[in-house]
Amino acid sequence: MFRIVKSEMLCENISQIVVEAPRIAHTCEPGQFVIVRADETAERIPLTISDYDREAGTVTITIQIIGLSSMKIAKFQTGDFLADVTGPLGQPSEFVNEDIEEVRKRNYLFVGGGLGTAPVYPQVKWCKEHGVPFDVVIGTKSKSTLIMEKEFTEVGGEHYFLTTDDGSYKHKGMVTSVMEELIAEGRHYDVCVAIGPMIMMKFAAKTALAAGIHTIVSMNPIMVDGTGMCGACRLMVGGEVKFACVDGPEFDASLVDFDGAMKRMSLYKTEEGRAYLAAKEGDTHKGNCGNCD
Amino acid sequence: MAIDMMKKVPVREQDPKVRATNFEEVCLGYDVKEAQDEASRCLNCKNPKCVEGCPVSIDIPGFIQEVKNARFEKAAEIISRSSALPAVCGRVCPQESQCEGKCIRGIKGESVSIGKLERFVADWARESGIKPKVDAPKKNKKVAVIGSGPSGLTCAGDLAKMGYDVTVFEALHKAGGVLVYGIPEFRLPKDKVVEPEVDNVRALGVKIETDVVIGKSTTIDALLEEEGFDAVYVGSGAGLPKFMGIPGEQALGVYSANEFLTRNNLMKAYRDDYDTPIARGKKVVVVGGGNVAMDAARTALRLGGEVHVVYRRSEQELPARVEEVHHAKEEGIIFDLLQNPVEILENEDGWVRGIRVIKMELGEPDESGRRRPVEIPGSEYEIECDTVIMSLGTSPNPLIPSTTKGLDTNRRKCIVADEATGSTSKAGVYAGGDAVTGAATVILAMGAGRAAAKGIDEYLSGKSE
Ligand SMILES: Cc1cc2nc3c(=O)[nH]c(=O)nc-3n(C[C@H](O)[C@H](O)[C@H](O)COP(=O)(O)OP(=O)(O)OC[C@H]3O[C@@H](n4cnc5c(N)ncnc54)[C@H](O)[C@@H]3O)c2cc1C
Ligand SMILES: Cc1cc2nc3c(=O)[nH]c(=O)nc-3n(C[C@H](O)[C@H](O)[C@H](O)COP(=O)(O)OP(=O)(O)OC[C@H]3O[C@@H](n4cnc5c(N)ncnc54)[C@H](O)[C@@H]3O)c2cc1C
Ligand code: FES
């Protein structure tokens with residue numbers, strides 16, 4: 001059992017939970033995720049580590065409510081216990097294990113869309129702590145869906161660019177329009193890391209790749225065990241079958257088959273949809289994760 | 001009624017039509033009278049061949065004589081000297097090619113039902129609340145066991161009996177390995193059989209820490225250097241499922257048998273009170289012919305599908321246990337033998353709509369001694385289906401070797417370990433079970449766990465305090 005030391009709603013449908021998991025907090029790195037099973041009858045679902053505190057032995061997860069399992073987890077309160085938190089799983093972000101001197105010579109462009117804001121955070125924080133130059137672009141639907149502004153302002157300062165689809169706050173437009181502007185201003189980037197809904201990653205990658213930037217995206221296929229045992233998370237990357245839970249979840253965007261991956265993700269939509277409706281009447285299924293567009 | 005000495009006392013089973021719609025255990029096992037009758041068929045050979053056929057050398061005639069004389073506790077004690085998981089082995093061991101295959105009774109008539117008797121004794125012991133005992137003094141040495149499958153549990157149990165302080169680290173949320181995630185409920189009940197066997201290991205003082213992925217949450221090197229473990233046993237199982245690499249394998253509705261079975265067994269997708277979903281295919285094709293394929297097929301059948309097993313060789317070469325093939329047929333699984341998939345067909349939404357197969361014939365024997373299947377040109381045709389389950393075996397998970405300094409693997413990427421002691425290329429690290437042999441059997445995994453427990457004991461006894 002894993003005790004929740006803090007649980008709060010960041011916006012209407014995104015919850016953030018800080019949970020005691022000393023082994024994970026001790027070894028995790030940016031880019032890795034955990035598998036959470038809320039209670040005895042729950043699914044195992046993958047969630048990116050969006051912050052960690054090695055000393056306190058805690059990790060932070062940020063959950064967007066899109067269905068039954070995410071809703072179950074989001075409902076947990078401070079002091080409650082999650083049945084299982086396993087990890088850290090997957091490979092750390094590329095830069096973590098590279099020669100830091102080399103990494104410092106590069107300029108990074110981080111792009112986070114919607115819930116993808118949360119997984120980008122530990123990477124940006126890591127770069128800040130290690131003196132790696134970067135810009136970070138965060139996009140969200142509207143002011144009311146914006147999350148982690150304070151944290152990003154702290155680590156990003158003037159390198160933090162915010163945009164809303166409806167223009168209700170800061171810049172108006174998609175992340176790609178900000179990326180284009182930054183590139184047009186003559187800013188040079190060596191690496192772009194884009195995390196968010198599949199459709200956003202597909203277009204952000206297109207923009208970055210067109211500018212000749214090495215681009216990394218974080219894939220989120222359906223997973224079960226997260227240890228390589230089941231193959232549910234398989235993806236075609238560069239014409240080869242990869243298991244996102246052991247080989248990823250971050251991959252070179254130029255090698256990713258976005259359309260194929262989006263198709264696979266629709267697998268359980270209907271059955272789960274029913275389970276969800278049975279669990280709660282009403283309409284919290286916003287569909288703004290991009291998965292069911 | 002006098003018993004026919006030439007024939008096995010028949011074991012009661014759920015009716016095939018009924019059981020095809022539920023997940024209750026198929027085989028109901030012997031009652032006391034049936035067990036004693038069957039035990040009386042044992043010739044109590046001076047030179048028992050059955051024991052030679054048993055990978056862990058259970059004193060088979062010894063325990064059977066005790067059953068005959070209704071001394072069931074004694075029978076359980078005899079089995080427990082050699083096997084830590086008798087209720088499991090009595091159900092899933094391929095007895096026909098091991099103990100029962102060698103039984104002298106079996107020369108003229110049918111062999112003694114050793115497996116069913118083992119199961120009877122183990123079930124009797126559990127229902128009577130008999131627990132294994134630890135009598136050895138504490139040794140003040142710590143051993144870590146990675147993986148809680150049959151291999152890890154056996155090694156852990158044996159070491160605990162010798163007085164070691166043992167912690168098992170398990171990646172999943174539940175202990176048992178394939179026993180909980182792979183083998184279905186209708187063959188091996190989880191709450192009734194597996195859980196109590198795991199509890200027996202706990203009762204010996206073994207700690208089981210779930211949700212710990214060695215190589216990620218921590219490493220073998222850290223266990224040895226930072227957490228104060230004196231030795232490590234790696235029983236991490238067979239690893240990653242294989243796919244065929246044919247077009248269409250990414251289509252929706254294509255699963256590995258591991259995923260399909262894990263959803264159903266570990267995550268209990270077949271039960272309404274569990275959240276994990278599973279696709280209930282209407283027409284399901286299972287590709288492969290092993291135990292895993294049979295389990296996937298029989299699971300899909302119980303979820304309401306018409307199920308075809310597509311296998312590239314003939315019935316004779318089916319690697320699955322005879323009993324499982326027999327059960328599968330009784331339940332209505334259709335075997336499409338001597339055919340091999342060449343492509344999975346998708347509809348416009350990306351869902352499976354069929355599978356294209358080519359017919360095969362048997363040619364010359366290959367290196368395994370089985371006749372090699374050869375394609376018959378121009379024989380391709382389509383089988384309509386909405387679900388495909390690939391059951392083609394596994395390849396080793398590189399996680400542990402790649403995160404442990406000095407741990408050698410072989411050409412097939414399995415961990416290299418000495419058969420007699422389990423020792424690996426790294427001092428203090430032992431390994432066994434499927435992680436070493438590739439996918440094999442429960443009893444071989446247990447045997448390896450037992451051998452390694454001895455190897456570890458010798459190693460640590462030689463090492464000063
Ligand atoms: C490596 C990785 C990291 C992730 N990180 C985060 C994160 O930090 N925060 C967050 O909110 N979400 C994250 N996700 C997605 C999250 O796991 C899904 O949103 C969640 O499983 C949905 O479950 P549900 O029952 O609420 O939704 P439903 O849509 O009802 O789920 C239906 C079924 O599909 C699966 N599923 C649906 N969408 C996804 C998806 N996008 N990814 C994986 N499985 C899916 C579920 O496991 C379930 O079986 C991540 C996914 C992956 C693979
Ligand atoms: C569907 C199916 C049906 C089968 N039917 C039969 C049968 O009828 N009869 C028979 O004799 N055999 C059968 N087998 C084979 C048998 O189950 C295996 O040979 C046996 O379970 C191997 O035992 P093991 O302990 O080596 O590994 P496993 O049982 O695979 O256990 C390994 C455990 O280690 C854990 N693990 C892996 N990596 C790590 C890590 N890095 N850190 C922590 N934990 C880790 C895994 O999660 C798992 O729980 C079947 C197998 C399958 C899949
Ligand atoms: S989630 Fe099962 S192999 Fe990746």
Side-chain angles (χ1 to χ4, degrees), chain A residues 2 21 23-24 26-28 32 34-35 37-45 67-69 72 83-90 222-236 240-241 243 246 257 259-272 274-276 278-279, chain B residues 169-174 178 181-182 209-213 215-219 222 226 236-243 245 249-263 266-269 271-280 346 349-351 390 394-399:
Chain A
F2 297 77
R23 282 195 186 278
I24 304 173
H26 186 66
T27 54
C28 70
Q32 291 187 296
V34 291
I35 290 234
R37 202 176 64 122
D39 58 35
E40 201 38 47
T41 58
E43 281 191 89
R44 295 168 63 93
I45 69 161
L68 182 65
S69 303
K72 235 186 194 180
D84 301 280
V85 182
T86 310
L89 299 170
I222 285 162
M223 294 188 174
V224 183
D225 62 305
T227 68
M229 180 269 283
C230 80
C233 63
R234 66 189 188 280
L235 300 165
M236 292 304 285
E240 273 180 66
V241 178
F243 286 6
V246 286
D257 167 15
D259 297 333
M262 277 191 256
K263 211 170 65 183
R264 271 193 70 75
M265 279 191 25
S266 69
L267 185 50
Y268 286 103
K269 280 282 125 67
T270 49
E271 271 125 315
E272 266 294 302
R274 265 184 255 122
Y276 170 70
Chain B
F169 295 100
E170 169 55 50
L172 295 173
H173 59 264
K174 208 161 178 61
V178 170
Y181 79 71
E209 204 183 318
T210 51
D211 297 329
V212 181
V213 185
K216 290 288 180 188
S217 315
T218 181
T219 58
E226 291 161 28
S236 57
L240 292 66
K242 285 187 194 152
F243 290 90
E249 254 177 340
Q250 296 294 105
L252 298 176
V254 181
Y255 297 87
S256 75
N258 274 10
E259 178 185 354
F260 192 74
L261 291 168
T262 302
R263 283 185 181 276
L266 179 71
M267 306 311 296
K268 305 207 187 300
R271 282 173 52 170
D272 288 344
D273 51 340
Y274 282 74
D275 299 346
T276 300
I278 194 160
R280 289 178 184 258
E346 302 176 31
D349 302 327
W351 270 93
M390 290 292 183
T394 50
S395 61
N397 192 331
L399 184 55

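Values in this document were obtained by computation on a predicted structure and should not be read as measured data. Reminder, nothing fancy here: chain letters follow the sequence lines and each chain counts from 1.
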Choice from B:M267, B:M390, B:K174, B:R271 maximising heavy atom contacts with chain A below 4.5 Å: B:M267

A:M229 and side-chain contact (heavy atoms from CB on, under 4.5 Å): which single residue from B:T262, B:N397, B:V178, B:T394 fits? B:T262

Would you call B:H173 and A:I35 a side-chain contact if the rule is heavy atoms closer than 4.5 Å? no

So OH of B:Y274 and CD of A:E40: to nearest 0.5 Å the spacing works out to 5.0 Å

Can any side-chain N or O of B:D211 pair as donor or acceptor with the backbone N or O of A:D84 at less than 3.5 Å? no

So which of A:V246, A:I24, A:V85 has the largest heavy-atom pair count under 4.5 angstrom toward chain B? A:V85

Considering only heavy atoms, which portion of B:E170 lies under 4.5 Å from any heavy atom of chain A: side chain, backbone, both, or neither? neither

Tell me, side chain or backbone of B:L399 under 4.5 Å from chain A's heavy atoms, or both, or neither? neither

Considering residues, nucleotides and ligands other than B:D273, do more than 12 of their heavy atoms fall under 6.0 Å from its CG? yes

Closest heavy-atom pair, A:T227 versus B:A171, reported as atoms and distance to 0.1 Å, is CG2-CB, 4.0 Å

To the closest 0.5 Å, what do you measure between CZ (A:R37) and OG1 (B:T210)? 8.5 Å

Between A:G231 and B:F243 the two heavy atoms that sit nearest each other are O-CZ, 4.3 Å

Rounded distance (nearest 0.5 Å) linking atom NZ of A:K72 with atom CG of B:D275: 3.5 Å

Honestly, the part of B:Y181 sitting under 4.5 Å from a heavy atom of chain A is side chain

Looking only at B:G239, B:S217, B:S256, the option with the highest number of non-hydrogen pairs under 4.5 Å against chain A is B:S217

If you measure from the Lys or Arg side-chain nitrogens to the Asp or Glu carboxylate oxygens, is any gap between B:E249 and A:R234 under 4.0 Å? no

Where is the tightest heavy-atom contact between B:P241 and A:G228, given as atom of each residue plus distance? CD-O, 3.5 Å

Is the closest side-chain heavy-atom distance between A:T86 and B:V213 below 4.5 Å? yes

The interface call for A:T27 against chain B, heavy-atom contacts under 4.5 Å, is side chain

Rounded distance (nearest 0.5 Å) linking atom NZ of B:K216 with atom CG of A:L89: 7.0 Å

Can you tell which part of A:A38 gets under 4.5 Å to a heavy atom of chain B, answering side chain, backbone, both or neither? neither

